[in-house]
Visitor: 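Here it is: the structure, laid out below.
Just so you know, these numbers come straight off a predicted model, no measurement behind them.
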Amino acid sequence: MAYNFWESIGLSVHALELILEGFTFIPIIHYVIAFVCFLLIFIYNFLEFHFVEDVLTLFRGSPVSLTYNSASEIYQGVASKCNLLHGRYMATPWLSSPHIQTAFLNFFGRPPAVNYRRQLFHASDGGTFALDWLRSSDVLGDPTYEDDASLTHDKTPIVVVIPGLTSDSSSAYLKHLAFSTAERGWNVVICNHRGLGGISVTSDCFYNAGWTKDTRDVINYLHHEYPNAPLFAVGTSIGANILVKYLGEDGEDIPIAGAVAICSPWDLLIGSRFICRRTVQKFYDRALTVGLQEYAQLHESLYSRLADWDGIIKSRTIRDFDNYATRLVGKFETVDTYYRHCSSAQYVTKVSIPLLCISALDDPVCTREAIPWDECRENKNIVLATTRHGGHLAFFEGLTGSSLWWVRAVNEFLGVLHCSPFMHTQKKNPPHCGLESSVDKGPYVNIAHGMVAAIGNDPLATDAGEGSSERQKVDDKRDDIIVPDAEDHVVTRSCGRTFKQSENMKDVKPRDMSGIVKWLDQLFQQNRRSTWMLAYIAIISTLPLMGAALHFLFRKKFKKTIPAKSLKL
């Protein structure tokens, strides 16, 4: 027995030796080719290349996906006329990776040559930051507007640009935007953040992801100085988060005709967890942290006094920097408190001006998980455009990669909006605004792909007319359009369905069941698959009980109908 065991071991070792000896007969070049193939496959997946996908689609690119409210006048009157938003985006073939695109933009970018005119802006708190102007005359060579005083009565639109984190007017993507916008005859002003663009911080206030005061002050100043010029705003990355938050805070009381948000992080808490999730994202986390540390070193004297300087130097992630610097300067209790307070997603439903939002689903910095799809669909003033590829603020297009797709999309949208009657005009906000979105209310139910949707929490609202919420009244006005019919009927169109109600039914109070019906309707619309699954489970689970009950009833009845003679058998 022992002999057979050791004999089998010896045979196995001999077979293994033969296999290894066989490997020695394979040429070295074959091993090299196999290693190179394995390495290429690893790099292709690690960097999320999509070149093979582009080849299979014959380099047609992927269509732009639009999310909007079906009753949106901004979509019908503006976005529907934008060819780029209804076309396809095809990335530059040799930049067919979101990481390669993002890195190429930051290290090369191929920006056009621009010469800004700098204006120092002095804030009310003593802070100072730079406004860098690029006027159409600087690009087109038109000497008509060389005199600054003549701009006061000029009607040329002005685009206010809010840069991203640690970015200023010298960034490549901002030069692309400024030059392209000025080339089409508009004036551009880049509102640099405090402490950037070569300007020292002159107060104890630093900018952060939710710092809207500087944006508000600059826009109000420009509106006062150039009252005849329409104002538009464009925010990029963190600047987009600031812009959307500002728009939601001020509502209709804002002198901006329209705005565009590019690659916004939307929810900073989700973004903070995303950027340290995978190995490739950690590279971005570390690179951005180094940029923040360099920014802090420019203002070491202030940070040493207002924050934890040793912690800033030792920071390895953005969260570390925000914990030792941003949180303390901004006087937030915790980092999560800062992220929640400064996230723009909670302000999306309150935006009251035309707003185009552009995001790439493969953005390696601002994850698609944070995009507020339902909130954008709820707001009639917002159109959300998402592309399958594009990276972070990159969107290179063409064989040479000399232009950015989102820059052209921004200019097309703002151009169509400027020629339409849908430009926003400033209106004073009422002292009390009862408009609240049902998206912000619970309870919430899961839909798909990790998304959640809100169901209104007032299905059993009271019958008192004065006690009903203002939001319910607004929803009824928005969803239901009542048109008098020729036969004294009332035709009610709600969410694509048509009902007829006779005149003798007007005295009946439908308020008792309307809330429940609306709640069930929302439940079926938002979670149709899960609802039918629950109904199916309920039916299946009650079948045994129903069968037992029916069997008992029919058996008893059957016994009563059987003749006495047959029972004796």
Side-chain angles (χ1 to χ4, degrees), residues 1-63 88-108 270-290 316-320 360-370 386-392 394-397 399-401 446 448-451:
M1 188 78 178
Y3 176 78
N4 293 335
F5 173 76
W6 289 110
E7 183 179 4
S8 61
I9 293 295
L11 292 175
S12 300
V13 172
H14 181 66
L16 182 61
E17 291 177 350
L18 291 177
I19 293 174
L20 294 176
E21 184 179 357
F23 281 131
T24 60
F25 292 100
I26 300 177
I28 300 297
I29 187 64
H30 292 180
Y31 288 105
V32 174
I33 294 175
F35 175 76
V36 170
C37 291
F38 174 80
L39 184 63
L40 290 177
I41 293 174
F42 173 78
I43 294 176
Y44 186 91
N45 289 279
F46 183 77
L47 296 180
E48 301 177 55
F49 277 96
H50 48 84
F51 182 77
V52 174
E53 176 188 336
D54 296 339
V55 172
L56 295 178
T57 58
L58 302 178
F59 296 100
R60 296 178 60 244
S62 56
R88 292 173 169 266
Y89 166 67
M90 173 63 202
T92 300
W94 50 277
L95 293 174
S96 57
S97 162
H99 308 290
I100 300 299
Q101 282 211 50
T102 304
F104 186 82
L105 176 67
N106 286 272
F107 291 105
F108 303 99
I270 294 177
S272 174
R273 295 171 180 172
F274 167 78
I275 204 168
C276 60
R277 182 183 304 169
R278 298 173 55 203
T279 302
V280 66
Q281 262 72 45
K282 292 181 180 179
F283 285 106
Y284 293 99
D285 193 10
R286 182 56 185 155
L288 292 172
T289 304
V290 171
R316 292 294 177 267
T317 63
I318 297 177
R319 187 180 181 86
D320 291 341
L361 298 182
D362 64 353
D363 193 322
V365 178
C366 301
T367 173
R368 60 186 292 180
E369 300 171 14
T386 55
T387 60
R388 189 169 183 177
H389 305 295
H392 186 66
F395 296 86
F396 284 99
E397 60 180 354
L399 293 177
T400 60
N446 291 325
H449 308 294
M451 300 292 294

Visitor: For the atom pair CG (L95) and CZ (F108), what is the distance rounded to the nearest 0.5 Å?
Guide: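 L95 CG to F108 CZ: 10.5 Å, rounded to 0.5 Å.
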
Visitor: Per the side chain to side chain donor-acceptor pair (under 3.5 Å) rule, what does the pair list look like for residues 20-36, sequence neighbours excluded?
Guide: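 Applying side chain to side chain donor-acceptor pair (under 3.5 Å) to every pair that reaches into residues 20-36, excluding sequence neighbours, yields nothing.
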
Visitor: Counting distance only, does the side-chain N/O of D363 pair as donor-acceptor with the main-chain N or O of R368 below 3.5 Å?
Guide: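 Absent.
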
Visitor: A side-chain contact here means heavy atoms from C-beta on lying under 4.5 Å apart; do P364 and V280 qualify?
Guide: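 Of all side-chain heavy-atom pairs linking V280 with P364, none is under 4.5 Å.
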
Visitor: Who passes side chain to side chain contact (heavy atoms under 4.5 Å, CB included) against T367, sequence neighbours left out?
Guide: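 Only I270, F274, E369, A370 meet the side chain to side chain contact (heavy atoms under 4.5 Å, CB included) criterion with T367.
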
Visitor: Locate the shortest heavy-atom distance separating I43 from F49; write the atom from each residue and the value.
Guide: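 Looks like O-CD1, 4.0 Å.
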
Visitor: Which residues pass the side chain to side chain contact (heavy atoms under 4.5 Å, CB included) test with L399, not counting sequence neighbours?
Guide: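 Residues passing side chain to side chain contact (heavy atoms under 4.5 Å, CB included) with L399: P93.
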
Visitor: Please say whether more than 12 non-hydrogen atoms of neighbouring residues, nucleotides or ligands are located less than 6.0 Å from CZ in F59.
Guide: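 Yes, the 6.0 Å shell around CZ holds more than 12 heavy atoms from other groups.
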
Visitor: Between the main-chain N or O of M90 and the side-chain N or O of D54, is there a donor-acceptor pair closer than 3.5 Å?
Guide: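 Checking the backbone N and O of M90 against the side chain of D54, no donor-acceptor pair under 3.5 Å is found.
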
Visitor: Quick one: are T289 and D320 in side-chain contact, heavy atoms under 4.5 Å?
Guide: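 They are not in side-chain contact.
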
Visitor: By side chain to side chain contact (heavy atoms under 4.5 Å, CB included), which residues pair with R319, not counting sequence neighbours?
Guide: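 Expected list: S272, T317, V335, D336, Y339.
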
Visitor: Using side-chain heavy atoms (C-beta onward) and a distance below 4.5 Å, is I26 in contact with F23?
Guide: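 Result yes, sub-4.5 Å side-chain heavy-atom pair found.
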
Visitor: Restricting to ring-ring contact (aromatic ring centres under 6.0 Å, His included), what partner residues turn up for H392, sequence neighbours left out?
Guide: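 By the ring-ring contact (aromatic ring centres under 6.0 Å, His included) rule, H392 matches no residue at all.
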
Visitor: Relative to each other, are the rings of F104 and F396 parallel, tilted or perpendicular (30° and 60° limits)?
Guide: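 F104 vs F396 ring planes: perpendicular.
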
Visitor: Name all pairs fulfilling the side chain to side chain donor-acceptor pair (under 3.5 Å) condition that reach into residues 89-101, sequence neighbours left out, sorted by first residue then second.
Guide: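 Listed once each, the pairs are E48-H99, Y89-Q101, H99-Y284.
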
Visitor: Hey, does E53 have a side-chain heavy atom less than 4.5 Å from the side chain of R388?
Guide: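 Sidechains of E53 and R388: in contact.
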
Visitor: Between I275 and D285, which heavy-atom pair has the shortest distance, and what is it?
Guide: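 Closest pair (atom of I275, atom of D285, distance): O-CB, 3.7 Å.
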
Visitor: Got a second to check how far F35's CZ is from L40's CG, nearest 0.5 Å?
Guide: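 F35 atom CZ to L40 atom CG measures 9.5 Å (nearest 0.5 Å).
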
